[in-house]
Each structure stands twice: as structure tokens, then as C-alpha cells.
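What you see is a predicted model; the values in this text were computed from it and never measured. We count residues from 1, following the sequence as given.
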Amino acid sequence: QNYAIFPNMNVEKNVAFGLKNRKLPKEEIQAKTDQFLKLMKIDEYRDRMPERLSGGQQQRVALARALAITPDVLLMDEPLCNLDAKLRVEMRTVIKEIQNSVGITTVYVTHDQEEAMAVSDRIAVMNHGDIQQIGTPKVLYQRPANLFVATFIGHTNVLDGKLVVKDGKAYLQLANGYEVLMNTIEDSEIKEQDVKASIRPEELVVNKDNQEGLKAIVDDAVFLGLNTHYFAHLVDGEKIEIIQESQIDSMIEKGTEISLSVKTEKINIF
């Protein structure tokens with residue numbers, strides 16, 4: 001969070017600091033400093049003093065200085081939290097590209113789940129010091145190990161449901177008797193029980209022509225460009241969020257009763 005750039009040294013001297021401390025030959029110091037100034041795209045600021053740099057440029061200087069000494073492991077502790085939203089997205093792309101090209105193992109601490117998913121090969125989700133799950137961003141998002149991981153990584157709707165068995169097949173019963181056939185559950189695991197179902201907002205689909213489905217009433221709608229987020233409640237009062245691709249001509253009005261179907265393969269049951 002604090003870049004700890006030396007205010008009395010220009011950009012080039014900041015980047016070269018660790019190399020000089022290691023008493024490397026002058027030519028090597030110069031070559032490595034130039035390499036990382038170019039890599040971090042701050043070559044043109046080499047003579048500039050830190051107070052004349054933006055937050056993003058300071059971030060790049062700090063990163064270049066850390067990378068120049070080619071450490072075995074690089075530790076980053078919420079490095080982007082002081083930057084504005086647009087710069088954060090830009091810098092996480094830079095960090096991922098640099099990390100891939102330099103190939104240094106990087107341990108990256110962040111509370112921003114989207115950032116974690118964007119920069120990581122593997123993520124460990126922790127709760128009060130206990131690791132809940134380790135996996136790729138895809139596995140953590142689509143197949144969370146428990147409810148904590150399901151609700152922590154991205155948004156999800158956690159609904160009360162019942163698992164029932166008919167003709168040896170498992171069905172998930174949700175509000176107003178809506179049933180979903182669960183092909184993803186193995187026969188050996190099936191027994192009737194009350195469950196919690198985690199359904200991502202994008203896995204709920206608004207049915208055209210009000211066909212049979214999960215009944216809900218729209219409370220609010222938020223247009224966010226590509227997607228529109230609908231906030232609604234089911235007949236039993238449970239609140240849900242639905243994400244739909246925005247239509248060019250219409251938005252569902254508040255108070256409208258809608259019918260939803262669920263993309264079954266991505267439901268998680270706990």
C-alpha cells in the first residue's frame with residue numbers, strides 16, 4: 001500500500017538502489033536498470049523526482065525496483081488499493097504480464113475478489129486464518145467448497161431448498177414448488193434433505209411469455225451497460241439478484257411478476 005519510494009532520488013536511482021546495495025558491477029547495474037525501466041514503461045521518467053509522478057507511475061517504480069534484484073519470491077500486499085478504479089484494472093494487467101514474462105513466483109494479498117481472479121493462477125481463500133479452499137479462479141467460482149467461498153468469491157443467491165428423490169433421480173425443490181433436475185449429483189449421494197442452493201445471478205434466466213418457473217417480483221433494476229442487474233424477491237420473501245444481458249429496447253419495470261428458470265449445471269448445493 002505504501003510504495004516507500006525514496007523522495008530524494010530520481011526514478012532511475014530508485015530502481016538501481018537494490019542492485020547498488022548488492023555491489024554489482026556498474027555495467028550490470030546500468031543494464032538491469034534500463035531493462036526494468038523499459039519493461040515497466042517508465043523509461044521516459046528516469047530523471048524525474050518521485051513527487052512529480054502519478055500514483056500509477058510510483059507503483060511502477062516500486063515494482064521495477066523490487067523486480068530488478070530478481071528475488072526468489074515477490075510478496076505484494078494490496079498493492080493497488082490506493083489507485084482509482086480505471087488505473088487498478090490497468091495495473092493488474094501490467095502485473096500479470098510482467099509476472100509472466102519475468103517468471104517470479106508472486107504471493108499477492110488482496111480483498112478484491114475480481115483482482116484476485118484477474119492476476120492469479122491459484123487462489124487460497126482464507127477465513128480467520130484458516131484456508132477454506134485452494135484452486136484456480138474457475139474452480140473457486142464454479143465449484144466452491146463451502147458456503148463461505150461461494151458467497152465470498154463473486155455474488156451469489158443462497159436459497160433454501162429441499163433435495164427430493166423421484167425414480168432414483170435427484171430434484172432440487174425451491175420456492176413455489178419449482179423443481180430442477182440435478183444431473184450433477186451422483187446416485188450414491190442422494191438422500192432427501194433440506195439444503196442451501198447457491199445460484200449465481202447470471203445463472204437465473206427470465207422466461208419469455210411467463211412460462212412455468214420460479215416466480216419472483218422485481219423490486220429494482222440497475223442498468224450497467226453490457227448487463228442489467230435486477231433485484232427481486234421470491235413468493236416466500238427470499239431476496240435474489242438476477243444479471244441479464246441488457247436489451248436495446250426494454251427493461252423490466254419495478255413490481256413486474258416474472259418467471260425464472262435456472263441453468264442447472266452451475267448450481268451448487270450445500
Is there a side-chain contact between [X] and [Y] in this structure, where contact means two heavy atoms from C-beta onward sitting under 4.5 Å apart?
X: Ile134; Y: Arg122; answer: yes
X: Val205; Y: Val262; answer: no
X: Ser259; Y: Lys215; answer: yes
X: Gln59; Y: Val94; answer: no

Do the side-chain N and O atoms of [X] and [Y] include a donor-acceptor pair separated by under 3.5 angstrom?
X: Glu241; Y: Tyr230; result: no
X: Glu12; Y: Gln30; result: yes
X: His111; Y: Glu78; result: yes

What is the distance from atom [atom1] of [X] to atom [atom2] of [Y], rounded to the nearest 0.5 Å?
X: Glu90; Y: Ile95; atom1: CD; atom2: CD1; value: 11.0 Å
X: Thr110; Y: Asp77; atom1: OG1; atom2: CG; value: 9.5 Å
X: Arg143; Y: Gln133; atom1: CZ; atom2: CD; value: 11.5 Å
X: Met251; Y: Glu253; atom1: CE; atom2: CD; value: 7.5 Å
X: Glu179; Y: Gln173; atom1: CD; atom2: CD; value: 4.5 Å

Check: [X] side chain, [Y] main-chain N or O, donor-acceptor pair, under 3.5 Å:
X: Thr106; Y: Tyr108; answer: no
X: Ser246; Y: Leu226; answer: yes
X: Asp43; Y: Leu37; answer: no
X: Asn157; Y: Ile199; answer: yes
X: Gln35; Y: Thr33; answer: no
X: Thr228; Y: Leu224; answer: no

For Asp249, is the CG atom crowded, meaning more than 12 foreign heavy atoms sit under 6.0 Å from it?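 Result for CG/Asp249: enclosed.
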
Around atom CD of Glu245, are there more than 12 heavy atoms of other residues, nucleotides or ligands at under 6.0 Å? no

Within 45° of the axis and under 6.0 Å from the centre of the six-membered ring of [Y], does NZ or CZ of [X] qualify?
X: Lys166; Y: Tyr171; result: yes
X: Arg65; Y: Tyr3; result: no
X: Arg200; Y: Tyr141; result: yes

Step by step, would you call Met91 with Leu83 a side-chain contact (heavy atoms from CB on, under 4.5 Å)? CA-CA 9 Å; Met91 281 305 299; Leu83 306 178; 3.8 Å; yes

What pair of heavy atoms forms the shortest contact from [X] to [Y], and how long is it?
X: Ile252; Y: Ala221; value: O-CB, 4.2 Å
X: Ser250; Y: Gln247; value: O-CB, 3.6 Å
X: Ile29; Y: Ala16; value: CG2-CB, 4.0 Å
X: Ser261; Y: Asn207; value: OG-OD1, 2.9 Å
X: Phe152; Y: Val125; value: CD2-CG1, 3.9 Å

With Phe148 as reference, evaluate Ile153, Asp130, Asn127 under the side-chain contact (heavy atoms from CB on, under 4.5 Å) test and give the passing residue.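 Testing each of Ile153, Asp130, Asn127 against Phe148, the sole residue satisfying side-chain contact (heavy atoms from CB on, under 4.5 Å) is Asn127.
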
Under a 4.0 Å threshold between the charged nitrogen and the carboxylate oxygen, would Lys196 count as salt-bridged to Asp160? yes

Basic-acidic side-chain contact under 4.0 Å: Glu114, Arg92: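 Here Glu114 pairs with Arg92 in a salt bridge, since their nearest N and O are under 4.0 Å apart.
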
Check against side-chain contact (heavy atoms from CB on, under 4.5 Å), Met126 and Gln132: CA-CA 6 Å; Met126 299 181 80; Gln132 303 292 308; over 6 Å; no

